[in-house]
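Contents: one structure, followed by commentary.
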Amino acid sequence: MAGCGVRWQYILGAALSGALLLTAGILLGHYAIYKEPQTPEWLHSLSRDLDPALLEDFMNQVEAARIGQNLKDLSSKPHMATTKGDEELVQLILKAWRDPQTGLDSAMEGQYEVFLSFPDPEKPNSVAVVMENGSQAFISQETEKNLTADQADRDVVKPYAAYAPPGNPKGKLVYANQGKMSDYEYLVQQGIDLNGTIAITRYGGAGRADKAINGAKFGVVGVVVYTDPGDINDGKASATETYPYSWYLPPSGVERGSYNSHFGDLLTPYYPLSSFRDLTCGRIPPIPTQPIGFEDAKTLICNLAGNPVAEAAWQGALGCVYHLGPGFRQDGLFPNSSEVQVNVHNYRRINTSSNVMGLIRGSVEPDRYVLYGNHRDSWVHGAIDPSSGTAVMLEISRVLGKMVKEGKLRAGCVCVFYFLWWGKFLCLSHLSATQEFYSKLQQRSVAYINVDIAVFANATLRAQGTPPAQSVIFAAVKTPAADSSLSVYENWKQHFSRNSSVYGVIPSLGSLGAGSDYASFIHYLGITSMDIAYTYDRSKTSARIYPAYHTAFDTFHYAETFIDPGFTSHQTVARTAGNVLIRLADALILPLNVSDYGETLQQMYSVAREAFQADLTHHNISLDPLWAAINRFQAAAAGLNQRIANLREEANPSPLDVRMVNDQLMLLERAFLNPRAFPEKYYYSHVIMASRSSSLATFPGLADAYDNAKEDGLWGEVHKQLTIVIQVIENAASILEPVAE
């Protein structure tokens, strides 16, 4: 037995030795033969670029009929902020975004406490003519006439000026045109004592709140506001020429709105809505104000006294010669001793409002956000403002959600899609969200796409945005419109064009103001932003906006009959906005062209040089450093574009190099922020895009300081604003220059 054990040990040892030799030979042969290195699959995914088939698939799935049905559902009843109708829409959107077949990855609701203003339903606001004995010779209509079933809805809020204080001021009536400072100054120059008067003004020219704020500075105690048919209706003023027979505003139509000189919550400037409230905040309009229809305005204005008559630019289309007042003429409907009383019974309260957020997570760069937003609440039914935009958003999210569920979108997606659906009353909720998530949004956001009023009318695209957005919008619209063989780009160029020093004749990209939900993203956070819509042919109408804006006539019937029959323009906006969104989220290198900022800066410089050079030289202020800064920026932008071109030529560019370039593209807009540049303007920090009082299309702080210096002689402020502009342009150039330098 012992001998057998020995032999077994020999045999086992020999077998193990042979196995080891065989394994060594295999390994040696494997590594001795040269093979091409294998790139890991995850590295391929990092360098994958935009898939054109993905775009085409998305575009083909966007349906006009679905958008129309969305709009019908959204505008079926009034849904003013924090009302029952508004709360029902929160649940509607959450249900859509949580749908198992077409929903997003997640959807959530965030609540905020917001400071709002409402009219007292038991005490209707009014404008009355009161005679010496105290009796009323005239009183304005409580609300619009019932022309379709929509106006009779019990939830239609009666016309009012949100945030206007309650009160019952009474005085002689004066006509103050658009309520601009220059308009009140003109009345004073005509020898009219404005102390204790009531001013009637028309919409346009100045912000809603500014009409009252400006008037109060001259002693005006109350303001009446109306929409002149010359500004909105191409002069059409009769009941048979207006809705429901055309798109024009009926005589009883009243534009509601927020009367606040800044966007955001009045009591929590610079803080989220959950923060403490500054009850001493003084930005609430100072005097009672009430809007009325032009039918009632005609009764007041066409009976005014006063010589001389209002100048030609002040005349409207009420069918009479406009006089300035004060008071009524002797041969009119009212005794000359009569006065006008503005009766406002508004009240203010803090209510709970919701933001709804849905997202599609990115598989490669989940810390980069592409934002898409709108507000949901309206003044009445809000078919156009804002539900046209929300109807488009629902269709975009449906198609993208379906593509995610089918596995078509996830592989190439490199960013997070945020479909933000704001509760908006003075841009409240979107601003609170940007305040609450300030650092996260500012550090991670690629761009913000706004689609508020998606379709003003059905003639052409109208896009606004910061200069880098121009390239991605242009790329998205060089496809045929939903109802035409002509590309959206060419049609847009036919209606709105400009002569670019770089590209020749191109569509004109408008600038962003502060009238929609993009305001805090561009002015406060410095995020590349854009607003996309379809609009009307300005050669065929002079309307300042679609005529039913903010009235009880902004209904589904109005939209379907006069704004966009068949909803093909809504479909084109959905395709365009979704196309832009996918390009921003799925492109290897962000499709933002920083050189377009260089062209904008050069244009602004040319305007400033032509308008300011002589006076600045006289006060020893030179524009040369500004020109040098712009040249540096343009050189840096060209250099970055060249590095991008080099990266595109590489088969597998380094993910770190790509990320570095994308960060430069993403962060450029932040370089133009200076929170101390405009201390008197809440939230305005963007030195290039801030609002301005000057009519000159140049650097806003510099232009306003120059205009003020011509009056008050404070040329040091001009020099300061020039220095601020130079500083931010230098900072922006340094962002674009090679990191190694």
Side-chain angles (χ1 to χ4, degrees), residues 204-205 207 263 372-374 384-386 388-389 392 427 447-478 488-523 526-546 549 569 572-573 576-577 580 592-593 596-604 607 669 672 684 686 688-700 703:
F263 60 89
Y372 183 116
N374 184 28
I384 304 303
D385 182 11
S388 62
V392 163
C427 303
Y448 175 73
I449 304 166
N450 194 70
V451 181
D452 180 349
I453 299 175
V455 180
F456 293 84
N458 59 358
T460 180
L461 188 77
R462 183 233 64 187
Q464 301 169 310
T466 53
Q470 176 176 275
S471 56
V472 67
I473 296 174
F474 281 4
V477 297
K478 290 182 177 178
V488 179
Y489 178 91
E490 291 297 332
N491 184 56
W492 180 13
K493 188 166 69 172
Q494 287 182 7
H495 287 85
F496 300 100
S497 64
R498 70 179 181 91
N499 194 355
S500 165
S501 61
V502 178
Y503 307 107
V505 179
I506 59 173
S508 179
L509 182 72
S511 59
L512 295 171
S516 190
D517 303 276
Y518 52 73
S520 61
F521 290 94
I522 178 58
H523 297 300
I527 295 170
T528 296
S529 301
M530 64 204 80
D531 184 76
I532 299 171
Y534 240 64
T535 192
Y536 39 83
D537 185 341
R538 294 197 179 275
S539 69
K540 296 181 179 179
T541 178
S542 61
R544 63 180 175 85
I545 198 169
Y546 71 96
Y549 176 68
S569 294
T572 299
V573 172
T576 300
V580 169
L592 303 173
N593 188 347
D596 290 335
Y597 237 127
E599 183 184 9
T600 298
L601 295 174
Q602 186 169 337
Q603 290 171 342
M604 298 175 89
V607 173
E669 209 78 61
F672 291 112
Y684 286 97
H686 200 297
I688 308 301
M689 297 296 162
S691 65
R692 67 177 189 275
S693 301
S694 173
S695 61
L696 295 174
T698 186
F699 306 102

Only pairs under 3.5 Å count here: list side-chain donor-acceptor contacts from residues 463-477, not counting sequence neighbours, and write none if there are none.
| from | atom 1 | to | atom 2 | distance (Å) |
| --- | --- | --- | --- | --- |
| Q464 | OE1 | R462 | NH2 | 3.4 |
| T466 | OG1 | E669 | OE1 | 3.2 |
| Q470 | OE1 | R498 | NH2 | 3.4 |
| Q470 | NE2 | D596 | OD2 | 3.4 |
| S471 | OG | P468 | O | 3.4 |
| S471 | OG | P591 | O | 3.0 |
| S471 | OG | N593 | N | 3.2 |

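- Among residues two or more places apart in sequence or in another chain, the side-chain contact (heavy atoms from CB on, under 4.5 Å) test is passed with R544 by Y203, T227, I232, E255.
- Distance check: I532 CD1 to L461 CG gives 7.0 Å after rounding to the nearest 0.5 Å.
- Note: S500 OG to E599 CD = 3.5 Å, rounded to the nearest 0.5 Å.
- Looking at Y372, its side chain never comes within 3.5 Å of a backbone N or O of A577 through a donor-acceptor pair.
- At least one side-chain heavy atom of V505 sits under 4.5 Å from a side-chain heavy atom of K493.
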List the steps and the verdict of side chain to side chain contact (heavy atoms under 4.5 Å, CB included) for Y489 and I506.
-> CA-CA 9 Å; Y489 178 91; I506 59 173; 3.7 Å; yes
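- Contact record, G513 with H523: O-NE2, 2.6 Å, taken as the closest heavy-atom pair.
- Looking at every heavy atom in both residues, Y549 comes nearest to I453 through CE1-CD1, 4.4 Å.
- One distance of note links OG of S520 with CD1 of I527; it measures 8.0 Å at 0.5 Å rounding.
- Closest approach of A697 and R692 over heavy atoms only: CA-NH2, 3.4 Å.
- Legend: residues meeting ring pair (Phe, Tyr, Trp, His ring centres under 6.0 Å) with F672, ordered by chain and number and at least two apart, are Y597, H686.
- The main-chain N or O of N450 is never found under 3.5 Å from a side-chain atom of D517 such that the two would form a donor-acceptor pair.
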Test I688 against F699 for side chain to side chain contact (heavy atoms under 4.5 Å, CB included), laying out the working first.
-> CA-CA 6 Å; I688 308 301; F699 306 102; 3.9 Å; yes
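- No donor-acceptor pair under 3.5 Å is formed between the side chain of S516 and the backbone N or O of Y518.
- The two residues A454 and S388 make their nearest non-hydrogen contact at N-OG, 2.9 Å.
- The nearest pair of heavy atoms linking A459 to H495 is O-CE1, 3.9 Å.
- Atom CE of M530 is separated from atom CD1 of I522 by 10.0 Å, given to the nearest 0.5 angstrom.
- The shortest heavy-atom contact between N491 and Y534 is ND2-OH, 3.9 Å.
- No donor-acceptor distance shorter than 3.5 angstrom exists from the side chain of S508 to the backbone of S497, with no hydrogens or angles considered.
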Should I545 and F456 be marked as a side chain to side chain contact (heavy atoms under 4.5 Å, CB included) after you check the CA-CA gap, both sets of side-chain angles, and the distance that decides it?
-> CA-CA 7 Å; I545 198 169; F456 293 84; 3.8 Å; yes
Evaluate the criterion side chain to side chain contact (heavy atoms under 4.5 Å, CB included) for residue pair Y536 and R538; output intermediate values, then yes/no.
-> CA-CA 6 Å; Y536 39 83; R538 294 197 179 275; 3.4 Å; yes
